[in-house]
Each structure stands twice: as C-alpha cells, then as structure tokens.
Trainee: 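Provided herewith is a single structure, encoded as structure tokens, for subsequent inquiry.
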Amino acid sequence: IYENVKWDPDVLIYLRADPSVCMQRMNKRGRECENDVSLEYLQKVHEQYEKMMLVANHKGIHVVVINANQDGESVYKEAMKAIQDIRKTK
C-alpha cells in the first residue's frame, strides 16, 4: 500500500496497538458498524501496518512509534510530546 504513495512524508507517527486491544476497545464502544470485524482481520491490518512502517523506515522516513495499548490519556501525552520534539528539529 505505502509503496503506491507518490510522496514521502518527513515523519510518520504510528499508534501501535495490539489487535486484541483494538478488539476489546471496539467491543466496549459497541458500534454496530464494528460488530462484524474479526480478530483475524485486525491481525492482518496490523501486519500490513507493520510492513508499511518498515518500508517507510527503509526509505529514510523517521517513524515515531507510540504504544497505543496504553490508556487514551497516556497515548495523547506521548503523541503530543513526539509532535513537540519533531517541531524542535524542524
């Protein structure tokens, strides 16, 4: 997928969450549109994102990985810190 993009960003911020955590969060939300999403599908999506980040890294794109298995507030704080750090280097 990523290989088809015609431009390269300077930085990617990847919120990495285990598929099982994504499934738990989807079940907790209880959205009807997410009812038929299987753990197997989430695992496949996760694998593709992991590959995409490797390709980006190989291309010299800075990939910032944030542990999205944490609670929302922690993910937010870590993402905001990453954005501030990125801004300092630009």
Side-chain angles (χ1 to χ4, degrees):
I1 296 170
Y2 181 79
E3 294 160 344
N4 295 327
V5 175
K6 302 298 180 200
W7 56 272
D8 290 329
D10 296 328
V11 179
L12 287 172
I13 298 177
Y14 175 32
L15 304 179
R16 178 187 284 150
D18 293 333
S20 60
V21 171
C22 294
M23 178 64 79
Q24 290 170 358
R25 290 175 179 167
M26 288 170 49
N27 289 337
K28 185 176 179 182
R29 282 193 298 263
R31 294 179 184 160
E32 188 176 329
C33 62
E34 296 174 337
N35 286 346
D36 294 330
V37 177
S38 68
L39 182 58
E40 180 182 345
Y41 172 77
L42 293 175
Q43 289 168 333
K44 288 178 181 180
V45 169
H46 179 77
E47 289 168 11
Q48 290 302 311
Y49 268 95
E50 291 291 317
K51 289 177 185 177
M52 199 165 56
M53 294 306 118
L54 288 174
V55 169
N57 198 26
H58 180 71
K59 288 180 143 188
I61 299 168
H62 180 61
V63 177
V64 177
V65 179
I66 294 177
N67 177 5
N69 291 331
Q70 307 172 77
D71 64 281
E73 183 67 24
S74 297
V75 172
Y76 174 79
K77 287 179 181 177
E78 197 172 329
M80 292 307 296
K81 182 181 181 321
I83 290 168
Q84 290 171 353
D85 292 346
I86 292 165
R87 285 182 164 177
K88 288 178 187 175
T89 62
K90 297 291 172 192

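Index from 1, following the sequence.
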Trainee: Which residues pass the salt bridge (charged side-chain N to carboxylate O under 4.0 Å, His left out) test with Glu32, sequence neighbours left out?
Mentor: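 Checked Glu32 against salt bridge (charged side-chain N to carboxylate O under 4.0 Å, His left out); zero matches.
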Trainee: Indicate the atoms forming the closest heavy-atom contact of Ala56 with Val63, along with that distance.
Mentor: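 Between these two residues, the closest heavy atoms are CB-CG2, 4.0 Å.
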Trainee: Please report the interatomic distance OH(Tyr76) to CD1(Ile66), rounded to the nearest 0.5 Å.
Mentor: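 One finds 12.0 Å between OH of Tyr76 and CD1 of Ile66.
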Trainee: With the side chain counted from C-beta on, respond yes when Asp85 and Val64 share a heavy-atom pair under 4.5 Å apart, and no when they do not.
Mentor: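 Sidechains of Val64 and Asp85: no contact.
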Trainee: Are the charged groups of Lys51 and Glu47 less than 4.0 angstrom apart, N to O?
Mentor: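 Glu47 and Lys51: not salt-bridged.
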Trainee: Taking the side chain as C-beta and beyond, is there a heavy-atom pair between Met53 and Val65 under 4.5 Å?
Mentor: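 A side-chain contact under 4.5 Å is absent here.
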Trainee: Only pairs at least two apart or in different chains count here, so list each side-chain hydrogen bond (donor to acceptor under 3.5 Å, both in side chains) that has a residue in residues 18-27.
Mentor: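 Qualifying pairs, neighbours excluded: Asp18-Asn69.
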Trainee: Are Leu54 and Val45 connected in the hydrophobic side-chain network, where two residues link if heavy atoms are under 4.5 Å apart?
Mentor: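 No: no chain of side-chain contacts under 4.5 Å links Leu54 to Val45.
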Trainee: Which atom pair, heavy atoms only, marks the closest approach of Leu42 to Pro19?
Mentor: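 Distance-wise, the nearest heavy atoms are CD1-O, 3.7 Å.
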Trainee: Decide whether Val21 and Tyr14 are clustered together by the hydrophobic rule: side chain heavy atoms of Ile, Leu, Val, Met, Phe, Trp, Tyr closer than 4.5 Å, transitively.
Mentor: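 No, Val21 and Tyr14 fall in different hydrophobic clusters.
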Trainee: Could you give the distance from NZ (Lys44) to CG (Leu39), rounded to the nearest 0.5 Å?
Mentor: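 One finds 11.5 Å between NZ of Lys44 and CG of Leu39.
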Trainee: Please give me the minimum heavy-atom distance between Asn67 and Glu78, naming the atom from each residue.
Mentor: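 That closest heavy-atom pairing would be N-OE2, 4.0 Å.
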Trainee: For Arg16, which residues count as a salt bridge (charged side-chain N to carboxylate O under 4.0 Å, His left out) partner, sequence neighbours excluded?
Mentor: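 Partners of Arg16 by the salt bridge (charged side-chain N to carboxylate O under 4.0 Å, His left out) criterion, ordered by chain and then number, come out as Glu50.
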Trainee: Within a 6.0 Å radius of atom CG on Asp36, are there more than 12 heavy atoms belonging to other residues, nucleotides or ligands?
Mentor: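 No, because the 6.0 Å sphere around CG of Asp36 holds 12 heavy atoms or fewer from other groups.
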